[in-house]
Protein chains: 2
Amino acid sequence: MAMGRPREFSCEKALDLALQVFWRKGYEGASMADLTEAMGITKPSLYAAFGNKEELFRKALDRYVDGPGGYFQEALKKPTAREVVSHVLYEAAEALTNPDNPPGCLAVQGALSCGDAAETIKQELMARRAKGETDLRTRFERALAENDLPDGADAADLARYISAILQGMAVQAAGGADRGQLRRIADMALRGWPPV
Amino acid sequence: MAMGRPREFSCEKALDLALQVFWRKGYEGASMADLTEAMGITKPSLYAAFGNKEELFRKALDRYVDGPGGYFQEALKKPTAREVVSHVLYEAAEALTNPDNPPGCLAVQGALSCGDAAETIKQELMARRAKGETDLRTRFERALAENDLPDGADAADLARYISAILQGMAVQAAGGADRGQLRRIADMALRGWPPV
DNA sequence: GTCCATCTATACCGGACGTTACGAATGTGT
DNA sequence: ACACATTCGTAACGTCCGGTATAGATGGAC
């Protein structure tokens, strides 16, 4: 099956290393030289394996969503709306300050604003954030149907509210907030939940 | 007094135009070509008047803080903690979606993460966000002394919480949220205030 | 009217950017 | 052992980056 010279590196390991660079420097701030150095491969190897910078970022982003960002989808499986919110907030506090990773959230700081060349990446990240918000809204709609949230509450508004708090925590983490500080933000948000 | 040929453009107008570009594209994403084109001046004029890209950004940032971002300091003057929070949240909802300006907040999206060359700008923006948070904390400490907030509340935690919500609203605005949606986030945050 | 400080515009600098030819190296299938 | 498919490293591509030298234009001071 495998014809020709086998590659000397692991695509998954290289992708994880690229993810670290994009996470720390953003899409625009991460140069190909930064990436190849961190990944331990040369530029032609990178292009052969991953296409180009944009494709590499998208693959790293997929890996982020399934890995360090996986707590979000996990939280949606909790049995009650309150547990969903509690888990997503506290797990975010952990993930956003995991010392093994750059602080903050790739989906927020990967390309919040950018030059023309990165516009499609910015759109992609906007779409990912919108999808997370929609998933949360859908979960809250279920909770409403189960009388797990007060009548008259608006699932879309609640989802946007929680998304905003998560994104605010991400900016705080990028600004140097530590784990305890993020946990106390989660405490306060949860104390007022649901905002009737 | 004024010797030599007078300059043919207004520094303040040019700075406002540069601010728009930095606001929309971020520090890294805004090229000198973008800036000179928007400002209607040539590069040597820009360098003579503003130093270099980094100094230009700092001057635009000062102008942002005193202009479109001025609602923050205004809110601190309100007589009660609740009015401070109410005003800062609702004025943020307006400012972040002002159709005359790019959506979002320059202090958040100007350089949330970046390459090495923009590291000092990132630090500057972190310091500005931290200063806003400290100003809010100081205001809450006054409120505590005036029995305007519940005993035992932590002014620093409250300031960090409100800052996170504001920053989350900024990310929402950058993602396309409209004014009504941001107002409803403010509604919900205010409903649980203070988070005793 | 002349001098001269200052601004404007063209054109260019060295370097970094993302991307790719090319040829040498390497392991598989026959 | 040989041919072949693929990867590897070097070295270079054209383009754009932030920044600047230089020469001409402009208007106040005297």
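Just so we're on the same page: letters track the sequence lines, and every chain starts at 1. Just so it is clear, the values below take in all heavy atoms, side chains as well, and ignore hydrogens, waters and symmetry mates. Bear in mind the structure is a predicted one, so any value in this text is a computation, not a measurement.
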Nearest nucleotide by nearest heavy atom, which residue falls closer to the 5' end of DNA chain C, B:Gly40 or B:Lys43?
B:Gly40

Scan B:Pro6 against the nucleic acid and name what it touches under 4.0 Å (heavy atoms): base, sugar-phosphate only, or nothing.
sugar-phosphate

Measure from the side-chain N and O atoms of A:Arg191 to the backbone N and O of B:Val196, and report whether any donor-acceptor pair falls under 3.5 Å.
yes

Would you confirm whether B:Asp34, through its side chain, and B:Ser31, through its main-chain N or O, come within 3.5 Å as a donor-acceptor pair?
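Indeed, once roles are kept as given, a pair shorter than 3.5 Å links the two residues.
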
Decide yes or no, distance alone: a donor-acceptor N/O pair under 3.5 angstrom between the base of D:dA25 and the side-chain of B:Arg5.
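Yes, the side chain and the base share a sub-3.5 Å donor-acceptor pair.
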
If the cut-off is 4.0 Å, is [X] near the phosphate of [N], judged by side-chain N/O to OP1 or OP2?
X	N	result
A:Tyr47	C:dT19	yes
B:Ser45	C:dC7	no
B:Thr42	C:dT8	no

Starting from C1' on C:dA9, measure out to CZ on B:Phe9 and report it in whole angstrom.
13 Å

Interatomic distance, B:Met3 CE vs D:dA29 P [rounded to whole Å]:
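Rounded to the whole Å, the gap is 8 Å.
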
Given that B:Pro44 and B:Glu28 both sit by DNA chain D, which one's nearest nucleotide is further toward the 5' end?
B:Glu28

Distance check, rounded to the nearest 0.5 Å: B:Asp178 atom CG versus B:Gln172 atom CD?
10.5 Å

Treat each ILVMFWY residue as a node, draw an edge where side-chain heavy atoms are under 4.5 Å apart, and state whether B:Leu166 and A:Ile165 are in one component.
yes

